[in-house]
Peer 1: 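A single structure is presented below for examination.
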Amino acid sequence: MDLTNVDIVELAKQLRKPDGAVGEEVGRTMAHFNASAVAFTIECLHIQPKDHILEIGFGPGEAIAEAVRLTPRGYVAGIDHSPVMLEMAKQRNHRALMQEHVELTLGDAQELPYADDSFDTVFAVNVFHFWPDPTRELVECRRVLKPGGRIAFYLTHPSSWLPGIRDTGVFTSREADDVEKILLAAGFTNIETRATKTEPDGKGFVVMGKR
Ligand SMILES: C[S@@+](CC[C@H](N)C(=O)[O-])C[C@H]1O[C@@H](n2cnc3c(N)ncnc32)[C@H](O)[C@@H]1O
């Protein structure tokens, strides 16, 4: 399927919640185009072998696979509200699922189905800009993080977005210092940003904080 024929508003909605045959193609495309963003985010996280990790909005499941590889004595959970992405990520992480090293769940970031103080790290790649008011999501992230646990959000910089996507109303445009302020207001500490250097994949940044 050729995504260049898909209307830009429909494409933006598909990126927010992939659905149907178009959603499957969007998932395959994300696995390709977000590879460097996933690698950069994982590098920033300094994952340790025993860590318990949660990814919100795992899409096709590439970052989940990398987190699994880095946590031979740990545990990885993922949540995504798209049934199409759940199936794709399950296929990508079939062996880790069989070994109960990873658990993938259909659900929404506003209501995380995990106990308090569960994770060393909670992260999301290109998901934060779908949350116009992330108050509830961040309360949930704090709740499931262990004290001292790390939160990290990767966002493609708005200057590297697909032409026209800004005007669809589906994405909220935020600079790194906007995200820093939001995390501070939500009670996170030790806020820091790291920006990507890699062109031509586009500019992006990871904002991190601690509970
Ligand atoms: C642009 S894709 C990014 C996927 C993946 N992180 C990557 O980098 O390739 C956004 C993903 O977040 C999921 N998502 C968006 N909002 C969500 C929410 N509130 N709760 C759970 N999943 C969400 C979508 O279904 C989609 O799979």
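Position 1 is the first residue of the sequence; numbering continues from there. One-based numbering, in listed order, for ligands and for the atoms of each.
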Peer 1: Could you check whether any heavy atom of Trp131 sits closer than 4.0 Å to an atom of ligand 1, since that is the contact criterion I want to use?
Peer 2: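 Trp131 counts as a contact of ligand 1 under the 4.0 Å cut-off.
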Peer 1: In plain terms, say whether Arg211 and Asp117 are close enough for a salt bridge, that is, a side-chain N and a carboxylate O under 4.0 Å apart.
Peer 2: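 Asp117 and Arg211: salt-bridged.
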Peer 1: Got the closest protein heavy atom to atom 10 (C) of ligand 1, with its distance?
Peer 2: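 Looking only at protein heavy atoms, the one closest to atom 10 (C) of ligand 1 is Leu15 O, 3.4 Å.
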Peer 1: I need the atoms of ligand 1 closer than 4.0 Å to a non-hydrogen atom of Glu55, numbered in the order shown.
Peer 2: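 What qualifies from ligand 1 is 6 (N).
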Peer 1: List the closest protein heavy-atom neighbour of atom 20 (N) of ligand 1: residue, atom name, distance to the nearest 0.1 Å.
Peer 2: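 Nearest neighbour among protein heavy atoms for atom 20 (N) of ligand 1, to 0.1 Å: Ala109 N, 3.0 Å.
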Peer 1: How far is atom 9 (O) of ligand 1 from its nearest protein heavy atom, and which residue and atom name does that atom have?
Peer 2: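 For atom 9 (O) of ligand 1, the nearest protein heavy atom is Asn34 ND2, 2.9 Å.
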Peer 1: So which heavy atom on Trp161 is nearest to which on His129, and how close?
Peer 2: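 Taking every non-hydrogen atom into account, CZ2-ND1, 3.9 Å.
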Peer 1: Which of the numbered atoms in ligand 1 are under 4.0 angstrom from any heavy atom belonging to Met85?
Peer 2: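 Those qualifying, in numeric order: 27 (O).
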Peer 1: Quick one, Val170 and Leu15 - any side-chain contact, counting heavy atoms below 4.5 Å?
Peer 2: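 Side chain of Val170 against side chain of Leu15, heavy atoms only: no contact under 4.5 Å found.
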Peer 1: Within the structure provided, determine whether Phe205 and Val179 are in side-chain contact (heavy-atom separation under 4.5 Å).
Peer 2: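 Side chain of Phe205 against side chain of Val179, heavy atoms only: contact under 4.5 Å found.
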Peer 1: Per the side-chain hydrogen bond (donor to acceptor under 3.5 Å, both in side chains) rule, what does the pair list look like for residues 42-55, sequence neighbours excluded?
Peer 2: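 Listed by first then second residue: nothing to list.
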Peer 1: Minimum heavy-atom separation for Ser159 to Lys203, with atom names?
Peer 2: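 Closest approach of Ser159 to Lys203: OG-CE, 3.5 Å.
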Peer 1: Where is the nearest protein heavy atom to atom 24 (C) of ligand 1: which residue, which atom, and how far?
Peer 2: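 For atom 24 (C) of ligand 1, the nearest protein heavy atom is Arg16 O, 3.1 Å.
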Peer 1: Could you pull out all residues at least two apart from Glu137 that satisfy side-chain hydrogen bond (donor to acceptor under 3.5 Å, both in side chains)?
Peer 2: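 For Glu137, the residues satisfying side-chain hydrogen bond (donor to acceptor under 3.5 Å, both in side chains) (neighbours in sequence not counted) are Gln110.
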Peer 1: Mark up the atoms of ligand 1 that fall under 4.0 Å of a heavy atom belonging to Asp108, in ascending order.
Peer 2: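 Listed by number with element, the hits are 18 (C), 19 (N), 20 (N).
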Peer 1: Does Leu86 reach the side chain of Asp80, with side-chain heavy atoms less than 4.5 Å apart?
Peer 2: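 Answer no - side chains too far apart.
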Peer 1: Which of these, Lys17, Glu10, Arg16, sits in a side-chain hydrogen bond (donor to acceptor under 3.5 Å, both in side chains) with Gln14?
Peer 2: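 The passing option is Glu10.
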Peer 1: Enumerate the atoms of ligand 1 whose separation from the nearest heavy atom of Gly59 is less than 4.0 angstrom.
Peer 2: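 Those of ligand 1 that fall under 4.0 Å from Gly59 are 4 (C), 27 (O).
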Peer 1: With a 6.0 Å cut-off on ring centres, are Phe153 and Phe123 close enough?
Peer 2: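 Centroid distance Phe153-Phe123: not below 6.0 Å, so no.
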Peer 1: Give me the nearest non-hydrogen protein atom to atom 2 (S) of ligand 1 as residue plus atom name, then the distance to 0.1 Å.
Peer 2: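 Here the closest protein heavy atom is Met30 SD, 3.1 Å.
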Peer 1: I need the atoms of ligand 1 closer than 4.0 Å to a non-hydrogen atom of Gly107, numbered in the order shown.
Peer 2: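 Numbered from 1, ligand 1 contributes 20 (N), 21 (C).
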Peer 1: Can you report which non-hydrogen protein atom sits closest to atom 6 (N) of ligand 1, along with the distance?
Peer 2: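 Going by distance alone, atom 6 (N) of ligand 1 is nearest to Gly57 O, 2.8 Å.
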Peer 1: Counting non-hydrogen protein atoms only, what is the nearest one to atom 27 (O) of ligand 1? Give residue, atom name and distance.
Peer 2: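 I find the closest protein heavy atom is Asp80 OD2, 2.7 Å.
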Peer 1: Does any N or O of ligand 1 fall below 3.5 Å from an N or O anywhere on Val125, backbone included?
Peer 2: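 Min N/O separation from ligand 1 is below 3.5 Å for Val125.
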Peer 1: Assess Ala37 for proximity to ligand 1: is some non-hydrogen atom of it under 4.0 Å away?
Peer 2: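 False for this residue.
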Peer 1: Using a strict threshold of under 4.0 Å (side-chain N to carboxylate O), is an ion pair present between Arg69 and Glu66?
Peer 2: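 Here Glu66 pairs with Arg69 in a salt bridge, since their nearest N and O are under 4.0 Å apart.
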Peer 1: Would you call Gly27 a ligand 1 contact, heavy-atom distance under 4.0 Å?
Peer 2: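 No, Gly27 has no heavy atoms under 4.0 Å from ligand 1.
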Peer 1: Would you mind running through ligand 1 and noting each atom that sits below 4.0 Å from a heavy atom of Phe58?
Peer 2: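 Near Phe58, meaning under 4.0 Å from one of its heavy atoms, ligand 1 has 5 (C).
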Peer 1: Nearest protein heavy atom to atom 17 (C) of ligand 1, by residue and atom, and its distance?
Peer 2: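 Ranked first by proximity to atom 17 (C) of ligand 1 is His81 CE1, 3.3 Å.
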